[in-house]
Amino acid sequence: MKSLKSILLSLAVALLFASCGTSSTVPITGRTQRLLVSDEQVLSLSNQQYREYMQSAKVSTNAANTAMVKRVGQNLANAVVTYLNANGLGADAQQYAWEFNLVQNNQVNAFCMPGGKIVVYEGILPVTQDEASLAIVLGHEIAHAVAKHSAERLSNAYKQQYGATILGAVAQGAGLSTGTQQLLSLGASLGSQLWTSGFSRSQESEADHMGLIFAAMAGYDPQVAVSFWQRMASQGSGGGGLFSDHPSDATRVKNIQGWLPEAMKYYKPASGTAASSKKSTSKKATRTIRISSK
């Protein structure tokens, strides 16, 4: 009898994992992913940790650089939202409440939390050097959010660390509240690493691909990505921080060169976004964004 009960429970567990979560398709790349956490759960967790981070962070006092980060970030956000709306992903677009902050930190780093909370460290600006290269960085970070990489990572960790406990609780009639509590506990234990590091190399590569196209959509020349990553390589070890888990410099540049023909299809230069521009400008550029699902 115990053996039969064990078999039935195993079957129930297998069926539960098969039915849990939702399947979604990553924009641009078309990759299918299965997520065990909802957008609402991830946004609630990320918003809480973003508020905590900004309470302790020192916001940059450089008005020109701050304005540049906000300008480039908003240009990218507008392009991404336009793309999502044009490709049947309006519900996803509505989840973003964009914020752009430049903080006093010498690390060569930047990150974008789910929901569009973007933070740039001052230490990356000497490497980006111009707005187009900054757009490559911000496009990459926004791509992590659009591709739901944090939700994907949290789903994997959730399943590995708490799957058996949660399934046991469900089998005993405890409901889903236990799972929700453990999700919050797991998210808290991962802390800022959930949003700023720890992505797999395949996710980093996917963010490179998508970010290149997002930058092009926003009117920034995607070809500057090659020279930017060459400058990053000169920093040593991929620049550390945000870039420590990324593909090797040579692999990244090779991949970007392969994606450039695709990205150039989306690119239409707009005034004020020239790759050689190293000074911020208050002029607001008009951008025509090419929209395509491929």
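Worth saying up front: this structure is predicted, and the values here are computed from it rather than measured.
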### Task
To the nearest 0.5 angstrom, please state how far the CG atom of L84 sits from the CG atom of D92.
6.5 Å
### Heavy-atom closest pair, residues A135 and A215
O-CB, 4.0 Å
### Query
In terms of hydrophobic clustering (I, L, V, M, F, W, Y; side-chain heavy atoms under 4.5 Å; direct or indirect links), are L43 and I118 co-clustered?
no
### Message
Which heavy atom of G219 sits nearest to which heavy atom of Y267, and what is that distance?
### Response
O-CE1, 3.5 Å
### Message
Tell me if a side-chain donor or acceptor on S44 pairs with a main-chain N or O of E40 at a distance below 3.5 Å.
### Response
no
#### Entry: Gap separating the OG atom of S23 from the CZ atom of R34, nearest 0.5 angstrom
4.0 Å
### Task
Walk me through it: do L102 and M68 pass the test side chain to side chain contact (heavy atoms under 4.5 Å, CB included)?
CA-CA 9 Å; L102 180 64; M68 176 179 66; over 6 Å; no
### Side-chain H-bond candidate by donor/acceptor type, R231 with S133, under 3.5 Å
yes
### Message
Under a 3.5 Å distance rule, please check whether R153 uses its side chain to pair with a backbone N or O of F199 as donor and acceptor.
### Response
no
### Query
Aromatic rings Y121 and Y53: how do their planes relate, parallel, tilted or perpendicular, breaks at 30° and 60°?
parallel
### Query
With a 4.5 Å limit on heavy-atom distance, are the side chains of L260 and V226 in contact?
yes
### Message
If you define the side chain from C-beta out and look only at heavy atoms, does anything of Y83 sit under 4.5 Å from I213?
### Response
no
### Task
State, to 0.1 Å, how close A151 and V37 come at their nearest heavy-atom pair, and which atoms those are.
O-CG2, 3.7 Å
### Query
Rounded to the nearest 0.5 Å, what separation is found between the CZ atom of F214 and the NE2 atom of H209?
10.0 Å
### Query
At what distance, to the nearest 0.5 angstrom, does CG of N75 lie from OH of Y220?
3.5 Å
### Task
Any chance you could lay out the side chain to side chain contact (heavy atoms under 4.5 Å, CB included) test for W98 and I142, step after step, and finish with the verdict?
CA-CA 10 Å; W98 301 98; I142 289 174; 4.1 Å; yes
### Message
Any non-hydrogen side-chain atom of Q104 less than 4.5 Å from a side-chain atom of T61?
### Response
yes
### Task
Please confirm whether the backbone N or O of N106 pairs with a side-chain atom of E122, one donor and one acceptor, at under 3.5 Å?
no
### Message
Classify the ring geometry of H144 against H140: parallel below 30°, tilted from 30° to 60°, perpendicular beyond 60°.
### Response
perpendicular
### Message
Quick check against the 3.5 Å criterion: does S46 have a side-chain atom that pairs as donor or acceptor with the backbone of P114?
### Response
yes
### Query
Can you tell me how far CD of Q257 sits from CD of Q223, rounded to the nearest 0.5 angstrom?
10.5 Å
#### Entry: Main-chain N/O of F111 paired with K117 side-chain donor or acceptor, under 3.5 Å
no
### Message
Would you say that M232 contacts R252 through its side chain, given a criterion of any heavy-atom pair below 4.5 Å between the two side chains?
### Response
no
### Task
For the pair S205 (side chain) and R201 (backbone), establish whether a donor and an acceptor sit closer than 3.5 Å, ignoring hydrogens and angles.
no
### Message
Has N87 got a side-chain atom pairing as donor or acceptor with L89's backbone, closer than 3.5 angstrom?
### Response
no
#### Entry: Minimum side-chain heavy-atom gap N255-D208 below 4.5 Å
no
### Message
My understanding is that only one of D39, V42, L154 makes a side chain to side chain contact (heavy atoms under 4.5 Å, CB included) with K148; could you say which?
### Response
D39
### Query
How close do V137 and T128 get, heavy atom to heavy atom, and via which atoms?
CG2-CG2, 3.9 Å
#### Entry: Nearest atoms (heavy-atom pairs only) where N85 meets A93
OD1-CB, 3.7 Å
### Task
Starting from the C-alpha separation in whole Å, work towards a yes-or-no answer on side chain to side chain contact (heavy atoms under 4.5 Å, CB included) for V72 and F100.
CA-CA 9 Å; V72 175; F100 311 95; over 6 Å; no
### Task
For residues M54 and E99, determine if any side-chain heavy atom of one lies less than 4.5 Å from a side-chain heavy atom of the other.
no
#### Entry: CD-OG1 distance between E204 and T251, expressed to the nearest 0.5 angstrom
13.5 Å
### Task
Could you check if a side-chain atom of E141 sits within less than 4.5 angstrom of a side-chain atom of V120, using non-hydrogen atoms only?
no
### Message
Could you report the tightest heavy-atom contact between L212 and P222, atom names first, then the distance?
### Response
CD1-O, 3.5 Å
### Query
Less than 4.5 Å apart, any side-chain heavy atom of N105 and any of V119?
no
### Message
I'd like to know whether L76 forms a side chain to side chain contact (heavy atoms under 4.5 Å, CB included) with M217, so could you lay out the CA-CA distance, the side-chain angles of the two residues, the decisive distance to 0.1 Å, and finally the verdict.
### Response
CA-CA 8 Å; L76 281 158; M217 287 178 179; over 6 Å; no
### Task
Mark yes or no for whether Q203, through its side chain, and S200, through its backbone, hold a donor-acceptor pair below 3.5 Å.
yes
